[in-house]
Amino acid sequence: NLALYWFQQAAEQDFPQAQYSLGVLYQKGQGVKQDYLEAFAWYKRAAMQHYAPAQSNLGVLYARGYGVEKNYDEAFHWYKKAALGNDAIGQFNLGESYATGRGVERDDNKAMMWYGMAATQGLADAQAALGLIYELGRGVKQDYSIAASWYRLAAENNVSMAQYSLGILYLNGNGIPQDDIAGASWVSRAAQLGDKTAQYIMGQLYESGRGVPQDVTLAFNFYLAAAENNHVEAQYKVARMYITNKGVEENLSKASYWLIQAANNQHAYSQYYLGLLYQTGEGVDLNLGEALKWLVSSAQKGVTPAQHYLGQMYENGNGVTPDQNEAAIWYRKAAESGYAPSADNLGYLYTVGKGVQRDYRMAIKWFSVAADQGYKDALNNLAWSLATAPVKELRDGKRAINIVESLLEKEESEVGLLDTLAAGYAEIGIFDKAIQYQQQAINRLEPSKQQDRLRVFEQRLKAYREGKPWRMPVN
């Protein structure tokens, strides 16, 4: 209060340093109630007397709209006056104006010039800005080594962005020798200063044990710190760790909380997992409307598992009115991105003519997309289509047999594989083997539980005994 009194006395007598100091007190609310209007008024009086620090701070108020309507042109005007008065902060702010094109046409060369003048006066933020310019090659030839030098100067003065960036250069070996320990050390310093990206990276380093001892609990703690700072990927990571019991005890309620935060920040995979939780009522109250909303949002962003899940919902009427056309649409979107389960399901829809016109050629095409990725169900479906398609040029019994026998080498004889193998042998006219494998398939069924399937299998066995291969319907 005594300082405020003497500042006021001196300011009223037009001492610009005192007017500037009063402006700082009112801007920060130190010893007085924060008042941007008062801060603006005192900065303006000092700035009119050509006091460079006041001119710089006046520009900040114009740029942020504090105590005055936001005006980047006015901000640039005052930054330039301060910079020409050799005020380092004014020079830095003028460089920012040129770098961002706010209040003036963007000019990377002029931005670098003013950053350089501020940096040579020891302003750490300007040193960090120069590091970024050289790292990205904005207006200069990209040079990681020079970037590292500027970052180091700023990092040693506790500029978290510079500490983080220097750490990343060490981790990647860009411009300086690759050094995981040094990299983790610098990133850690930035994380301790609250840099959310650094906190997230430290989570990754502790999770993988890179540059630090592997510790999933510490990894979780860093991810959580970043999540609380609204780092979207960290929010998703924290949720997944709660779900998978990794580094923290499983807690679906807390997982759903962080998925909601990330989903509201438009994180596509968080929307997908949140939709699943609403679908099952795990960690949240069961709500099929919310489930559909988040799954659609995720699917529209191109998340293939969400697109596939929507296809299943519409195909089976799970939480929605059954709609085979809609199912086919969503399966196709995921299949066209190479998602094997959707390609397999889309092939099935073409086989039975649901949501699409029955088309065995298209069925084989989509089964093949999934089968090429080693998707087991699709391999069997492809083999079945090759053995039983009603269109002659689509059939290839030998290939069908090869596919199934390759699968049988890796696992036990499943009923479905035996059924397909029998169809393959029937297609090439070896009916004794067709009968043998069809009978094996029948023997593995439980008659009391699988009566419909037993009935179909027996129909096939009868056909093979009559020397007739099995064919799927033409229409």
Side-chain angles (χ1 to χ4, degrees), residues 315 331 335 338 340-475:
E315 182 181 3
Y331 283 147
S342 289
D344 182 46
N345 285 13
L346 184 58
Y348 170 75
L349 293 185
Y350 273 112
T351 298
V352 297
K354 289 184 177 180
V356 291
Q357 185 175 353
R358 178 177 272 156
D359 187 328
Y360 292 107
R361 192 178 304 277
M362 291 299 293
I364 289 174
K365 169 191 170 180
W366 289 112
F367 286 145
S368 297
V369 168
D372 287 346
Q373 299 176 56
Y375 192 66
K376 177 188 160 187
D377 289 347
L379 284 163
N380 189 40
N381 287 333
L382 174 61
W384 177 260
S385 298
L386 293 171
T388 64
V391 182
K392 181 179 180 180
E393 59 264 28
L394 296 180
R395 292 196 299 274
D396 187 337
K398 289 183 179 180
R399 185 182 171 203
I401 292 169
N402 289 337
I403 291 172
V404 176
E405 288 183 340
S406 177
L407 287 172
L408 289 171
E409 288 175 0
K410 302 173 185 176
E411 52 193 281
E412 292 184 18
S413 301
E414 292 185 0
V415 171
L417 294 178
L418 293 171
D419 181 41
T420 303
L421 188 59
Y425 276 110
E427 165 58 21
I428 63 173
I430 304 179
F431 288 101
D432 56 340
K433 283 200 172 185
I435 293 168
Q436 173 190 339
Y437 286 117
Q438 194 65 48
Q439 188 62 62
Q440 288 182 25
I442 290 172
N443 293 342
R444 289 174 181 268
L445 293 178
E446 297 182 52
S448 61
K449 298 179 180 178
Q450 298 173 286
Q451 292 182 6
D452 290 343
R453 199 175 190 188
L454 177 60
R455 189 177 305 111
V456 173
F457 277 22
E458 287 176 341
Q459 288 173 359
R460 289 176 189 156
L461 181 61
K462 181 176 181 293
Y464 301 154
R465 283 172 173 166
E466 294 173 354
K468 299 176 182 177
W470 191 261
R471 294 286 177 263
M472 288 188 284
V474 175
N475 296 314

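Predicted model only: the values in this text are computed from it and were never measured.
With a 4.5 Å cut-off on side-chain heavy atoms, Asp432 and Ile430 count as touching. Gln438 places a side-chain heavy atom less than 4.5 Å from the side chain of Asp419. Using a 4.5 Å cut-off on side-chain heavy atoms (C-beta onward), Pro469 and Phe431 make contact. Within the 4.5 Å cutoff, side-chain heavy atoms of Gln373 are placed close to those of Val369. Side-chain contact check for Pro390 versus Tyr360: some heavy-atom pair is nearer than 4.5 Å. Side-chain contact between Leu349 and Trp366: absent, with no pair of heavy atoms (C-beta onward) separated by less than 4.5 Å. A heavy-atom distance below 4.5 Å is not found between the side chains of Leu386 and Leu394.
Nearest heavy atoms, Gly347 versus Ala363: O-CB, 3.4 Å. Heavy-atom minimum distance, Phe457 versus Ala441: CE2-CB, 3.7 Å. Closest heavy-atom contact between Trp384 and Ala423: CZ3-CB, 3.6 Å. Considering all non-hydrogen atoms of both residues, Ala370 and Ala378 come closest at CB-CB, 3.3 Å. The shortest heavy-atom contact between Arg358 and Val352 is NH2-O, 3.5 Å. The two atoms that bring Ala426 and Tyr464 nearest to each other are CB-CE2, 3.4 Å, heavy atoms only.
Annotation: Gln357, atom CD; neighbour count of heavy atoms from other residues, nucleotides and ligands within 6.0 Å does not exceed 12. Sparse packing is recorded around OH of Tyr348, with 12 or fewer heavy atoms of other residues, nucleotides or ligands lying under 6.0 Å away.
With hydrogens and angles ignored, the 3.5 Å screen pairs a side-chain donor or acceptor of Gln450 with a backbone N or O of Glu446. Thr420 places a side-chain N or O within donor-acceptor distance of the main-chain N or O of Gly416, the cut-off being under 3.5 Å.
Between Lys462 and Glu458 there is no salt bridge, since no side-chain N of the basic residue sits under 4.0 Å from a carboxylate O of the acidic one.
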Set out, in order, the CA-CA distance, both residues' side-chain angles and the distance that settles side chain to side chain contact (heavy atoms under 4.5 Å, CB included) for Arg399 and Leu382, then state yes or no.
CA-CA 10 Å; Arg399 185 182 171 203; Leu382 174 61; 3.7 Å; yes

Note to self: For a side chain to side chain contact (heavy atoms under 4.5 Å, CB included) check, start with the C-alpha distance between Val415 and Arg453, then their side-chain angles and the critical distance, and finish with the verdict.
What the structure shows: CA-CA 10 Å; Val415 171; Arg453 199 175 190 188; 3.9 Å; yes

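A search for side chain to side chain donor-acceptor pair (under 3.5 Å) contacts involving Arg361 returns nothing, not counting sequence neighbours. The ring-ring contact (aromatic ring centres under 6.0 Å, His included) search around Tyr437 returns Tyr425, not counting sequence neighbours.
In this structure, Thr351 OG1 and Met472 CE are separated by 5.5 Å, a value rounded to the nearest 0.5 Å. Here the straight-line distance linking atom OH of Tyr331 with atom CD of Glu315 works out to 4.0 Å at 0.5 Å rounding. Separating the CG atom in Leu461 from the CD1 atom in Ile442 is a distance of 4.5 Å, to the nearest 0.5 Å. Rounded to the nearest 0.5 Å, atoms CD (Glu405) and CD1 (Ile403) are 11.0 Å apart. Of the inter-residue distances, the one linking Glu427 atom CD with Arg471 atom CZ reads 4.5 Å to the nearest 0.5 angstrom. Atom OH of Tyr375 and atom CG of Asn380 lie 12.0 Å apart (nearest 0.5 Å).
Among pairs with a residue in residues 391-415, none fulfils ring-ring contact (aromatic ring centres under 6.0 Å, His included), at least two apart in sequence or across chains.
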